Protein chains: 2
Amino acid sequence: MDIKPTESELEILQVIWKMGQCTVRDVHEELTKTKDAGYTTTLKLMQIMHDKGLVERDTTAKTHLYKALFSQEQAQSNALNKILSTVFKGSTSDLVIQALGQHRASADEIDAIKNFLNQFDQHKK
Amino acid sequence: MDIKPTESELEILQVIWKMGQCTVRDVHEELTKTKDAGYTTTLKLMQIMHDKGLVERDTTAKTHLYKALFSQEQAQSNALNKILSTVFKGSTSDLVIQALGQHRASADEIDAIKNFLNQFDQHKK
DNA sequence: TTGGATATACGAAATCTATCGTAGATATTT
DNA sequence: AAATATCTACGATAGATTTCGTATATCCAA
């Protein structure tokens, strides 16, 4: 079972993850804040996502309700693995350092990461 | 100018980055170590990459020489930005923690990251 | 209850991606 | 020089992705 949403599908999934459960119109209105798209385009994409098993839907009411069938964490893991193998030669530390280098992390964020690293150390020992 | 190599193009770019400069055959032999592909398929892809401006080539000799027109670092930056916005809600620290959490980093790698973080701290202060 | 708004279903077109066969040019080997 | 190998160019196809128009069903309001 391979989870590999397309670009457009990921845009839609972001909305679904944020709302937990939503209608085609919910998604469409969110999408049209940042880009142009016809309503039936969004609908069609969501139907395809359902065919692919990326989402489930409740069709009891006239207006269907969609939910994601996998978590954002799983998508994150997939995305990381993919770019690790395609552009980071498999080096996690390269990736982390690049990420920290180009996006100013806040002090809080840095602390969070440090804590994480320390805890990680202890587990290893 | 938008750098957005496809999946197959990235496989090829990896070889070009590693070798610095190479022929279609170089790339093809490297690719066939891990997957099946006809020679003309690789050739065509590299021609398309040239059309798109992803690579340049020296055609003085019969066998052309290809070079990348952007660095692996740029590709890394692009890839990071993309997944940051599509699956990490823009949170670099989420990304870093996920990356560290799922791929056991070696002690050396962890040290490298810690050093990086410390140096980063000082710059901020 | 009739018209307008809103929903889904479906089909089809446009584009992008990946793959490969064939043709023709150029080099290499015998 | 002839046969063989290697290279690029080109065209075509298959499949995936994205987009949207039209048809049809359902709800709601005047």
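Letters A, B, ... are given to chains in the order of the sequence lines, protein chains preceding strands, and every chain is numbered from 1. These figures come from a predicted structure and were not determined experimentally.
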Quick check for you: among C:dT6, C:dT8, D:dC7, whose closest atom lies nearest to any side-chain atom of A:Lys62? C:dT6

Whole-Å distance between D:dT8 P and B:Asp51 CG? 14 Å

Output the single nucleotide from D:dA9, C:dC10, C:dT17 whose closest atom is nearest the side chain of A:Gln47. C:dC10

So, taking the atom named CD in A:Gln102 and the one named CG in B:Leu84, what distance separates them when rounded to the nearest 0.5 Å? 8.0 Å

Hey, does A:Phe88 have a side-chain heavy atom less than 4.5 Å from the side chain of A:Gln98? yes

Note: for B:Thr40 and A:Ala37 on DNA chain D, the residue whose nearest nucleotide lies more 5' is B:Thr40

B:Lys44 atom NZ is separated from C:dT22 atom C1', nearest whole Å, by 13 Å

For D:dT19, does either OP1 or OP2 sit under 4.0 Å from a side-chain N or O belonging to A:Tyr39? no

Among C:dA18, D:dA9, D:dT6, the one nearest any side-chain atom of B:Arg25 is D:dT6

Could you tell me which non-hydrogen atom of B:Phe70 sits nearest to which non-hydrogen atom of B:Pro5, and how far apart they are? CZ-CG, 3.9 Å

Distance (rounded to the nearest 0.5 Å) between A:Asp26 CG and A:Ile12 CD1: 12.5 Å

Are OP1 or OP2 of C:dA18 and a side-chain N or O of B:Ser8 less than 4.0 angstrom apart? yes

In this structure, how many angstroms lie between the C1' atom of C:dT17 and the CD atom of B:Glu9, rounded? 9 Å

Return the value, rounded to whole Å, for the distance between atom CG of A:Leu45 and atom P of D:dA16. 16 Å

Which one, C:dA7, C:dA9, D:dT8, comes nearest to the side chain of A:Arg57? C:dA9

Output the rounded distance in Å from NZ (A:Lys52) to C1' (D:dT17). 8 Å

Nucleotide of C:dT19, D:dT17, C:dA7 approaching A:Thr6 most closely (side-chain heavy atoms): D:dT17

When you measure from the side chain of B:Glu56 to the backbone of B:Lys67, do you find a donor-acceptor pair of N or O atoms at a distance under 3.5 Å? no

Provide, to the nearest angstrom, the distance between the CG atom belonging to A:Leu31 and the P atom belonging to D:dC20. 12 Å

How is B:Ile48 classified with respect to the nucleic acid when contacts are heavy atoms under 4.0 Å: base, sugar-phosphate, or nothing? nothing

Between atom CD in B:Glu11 and atom P in C:dT19, what is the gap in whole Å? 8 Å

Determine the contact category for B:Thr41: base if any of its heavy atoms lies under 4.0 Å from a base atom, sugar-phosphate if only primed atoms, P, OP1 or OP2 are that close, otherwise nothing. base

Roughly how many Å is it from CE in B:Met46 to P in D:dT8, rounded to a whole number? 8 Å

